There are 2 protein chains.
Amino acid sequence: MTSPAAGKPIRTAIADEDGIDFAIIELFFFAYRDFTSDPDQILADYGFGRAHHRVLHFVNRRPGLTVAELLDVLKITKQSLARVLKQLIDTDHIVQVQGPRDRRQRELYPTAKGRALALALARPQSRRIRAALEDSGATERATIERFLEAMVNPELRAQIDIVPAQTSGKNHGDH
Amino acid sequence: MTSPAAGKPIRTAIADEDGIDFAIIELFFFAYRDFTSDPDQILADYGFGRAHHRVLHFVNRRPGLTVAELLDVLKITKQSLARVLKQLIDTDHIVQVQGPRDRRQRELYPTAKGRALALALARPQSRRIRAALEDSGATERATIERFLEAMVNPELRAQIDIVPAQTSGKNHGDH
DNA sequence: GAAATTACGTCAATAGTACTGACATAATTC
DNA sequence: GAATTATGTCAGTACTATTGACGTAATTTC
């Protein structure tokens, strides 16, 4: 069972000894696991994966972004994006439009079909969030948003704010 | 650029129109992306991946858990776990001990080496959390914990509470 | 206007993590 | 003794990601 040179089993649970916040580390893992499980089930019907979801999400959030911008947001390589993006274009969820200023660029836009799928994927996630915030007021909501934003690398935090004014919850847009 | 049958590009950003909470959906994505990036870099030095981290984490958190229990927590299949667990055992991070009551079971324990790696991986994550909670008091912390816990599927929420008493932040352990 | 750079696409090879299905073994339960 | 359970393992497949290399078209630089 145990090989001769193996170290001895430690039978005590790892503790918050060193001031390490295992409680939130673990909660974050479980929360994200279930948060992504809802759209995963829908995606399976289309033969898509989580990567397709992310691309579809950001193209809907920032219509007209270029391939380079998308790569920067997703933090993946061009080669990884290629297959996923091609499938979304081939299935008519996303269209490419030649950049107006720079014709080398490909601006990415959702089609009606792509918009519908993005909404269908976001719906269960939003429902889960709403349920989790059920008894929360604006204060609690702000606390949670602040926390999540603070968890993002400072140098990448700029990406978050690249949301259209009418959509941003922060600078109380024009609606 | 656009194939003949392709749908028309939608040029407006997807909005919170349908009451969908894109702000938090996106924040959660960015937060988790960066939350996992710290340990990923350390793991790369060992030739390990994220799966190794998860196994190592839970074996340290609940020493003596069986393979079946681990599969249940991680929500993966036996075959997926096999390779990862074998590598962690071969590299002397985890040891198997025959179950005392049921000798078919393999209780999993960390070695000193495995404990050390788990701590090393948790440290930057905990640092990130502490920084994000910098100006937060107990109230904010409780709000965030409640939110994350509420994001977990209710039927799976029991898993969270399977933490040793002296480690649980909830029932203020004996230290 | 030629050369360098940029934006994008693509080919090939590889890795990590997951999956399903099938089968083997040992231990426990009925 | 037979059925069930816990674990391990083999084979095959899929998805997402990686690095490196190369091609093309458009723009910028000199």
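Proteins get letters first, then strands, A, B, ... in listed order; numbering begins at 1 in each. Just so we're clear, the structure is a prediction, and the values are computed from it rather than from any experiment. Note that these values count all heavy atoms, side chains included, but never hydrogens, waters or copies made by symmetry.
- Atom-to-atom, CG of B:L71 to P of D:dT7 comes out at 8 Å; the value is rounded to the nearest Å.
- Between A:H52 and D:dT16 there is a side-chain N or O to OP1 or OP2 distance below 4.0 Å.
- A side-chain donor from one of B:E26 and A:H57 sits under 3.5 Å from a side-chain acceptor of the other.
- The 5' end of DNA chain D is approached more closely, in terms of each residue's nearest nucleotide, by A:A51 than by the other of A:A51 and A:R101.
- For D:dG8, one of the phosphate oxygens OP1 or OP2 lies less than 4.0 angstrom from a side-chain nitrogen or oxygen of B:Q96.
- With rounding to whole Å, A:R50 atom CZ is found 10 Å from D:dA17 atom P.
- With salt bridges taken as basic N to acidic carboxylate O contacts below 4.0 Å, one links A:E145 and A:R141.
- Regarding B:Q98, its CD atom lies at a distance of 15 Å from the C1' atom of D:dT5, rounded to whole Å.
- Here A:T77 reaches the OP1 or OP2 of D:dT18: one of its side-chain N or O atoms lies under 4.0 Å away.
- In the set D:dA25, D:dG8, D:dT9, D:dT9 carries the atom at the smallest distance from any side-chain atom of B:Q79.
- Each of B:R83 and B:K78 has a nearest nucleotide on DNA chain C; the 5'-most of these lies closest to B:R83.
- Protein atom CG of A:L88 is 13 Å distant from nucleotide atom P of D:dC15, rounded to whole Å.
- At whole-Å resolution of the value, CG in B:L70 and C1' in D:dA6 are 14 Å apart.
- Between A:R157 and A:E149 no salt bridge is recorded (no basic side-chain N to carboxylate O distance below 4.0 Å).
- When each of B:L65, B:V55, B:L88 is tested with B:L108 by the rule side-chain contact (heavy atoms from CB on, under 4.5 Å), just one qualifies, namely B:L65.
- Interface remark: the B:R106 side chain does not form any donor-acceptor pair with the D:dT7 base, using a distance-only criterion of under 3.5 Å.
- Looking at A:T66, its side chain never comes within 3.5 Å of a backbone N or O of A:Q105 through a donor-acceptor pair.
- Both A:R104 and A:I76 sit near DNA chain D, but only A:I76 has its closest nucleotide nearer the 5' end.
- Judged by the 6.0 Å and 45° rule, B:R54 forms no cation-pi pair with A:F29.
- Residues B:R128 and A:N153 bring a donor and an acceptor atom of their side chains to less than 3.5 Å of each other.
- With rounding to whole Å, A:L74 atom CG is found 15 Å from D:dT18 atom C1'.
- Between B:D72 atom CG and D:dT5 atom C1' the separation is 15 Å, expressed in whole Å.
- Distances shorter than 4.0 Å separate some side-chain N or O of A:R103 from OP1 or OP2 on D:dT27.
- Atom pair B:D102:CG and D:dT7:P shows a separation of 8 Å (rounding to whole Å applied).
- Protein chain A contacts DNA chain C over a range whose 5' and 3' limits, counting nucleotides with an atom under 4.0 angstrom from a non-hydrogen atom, are C:dT6 to C:dC11.
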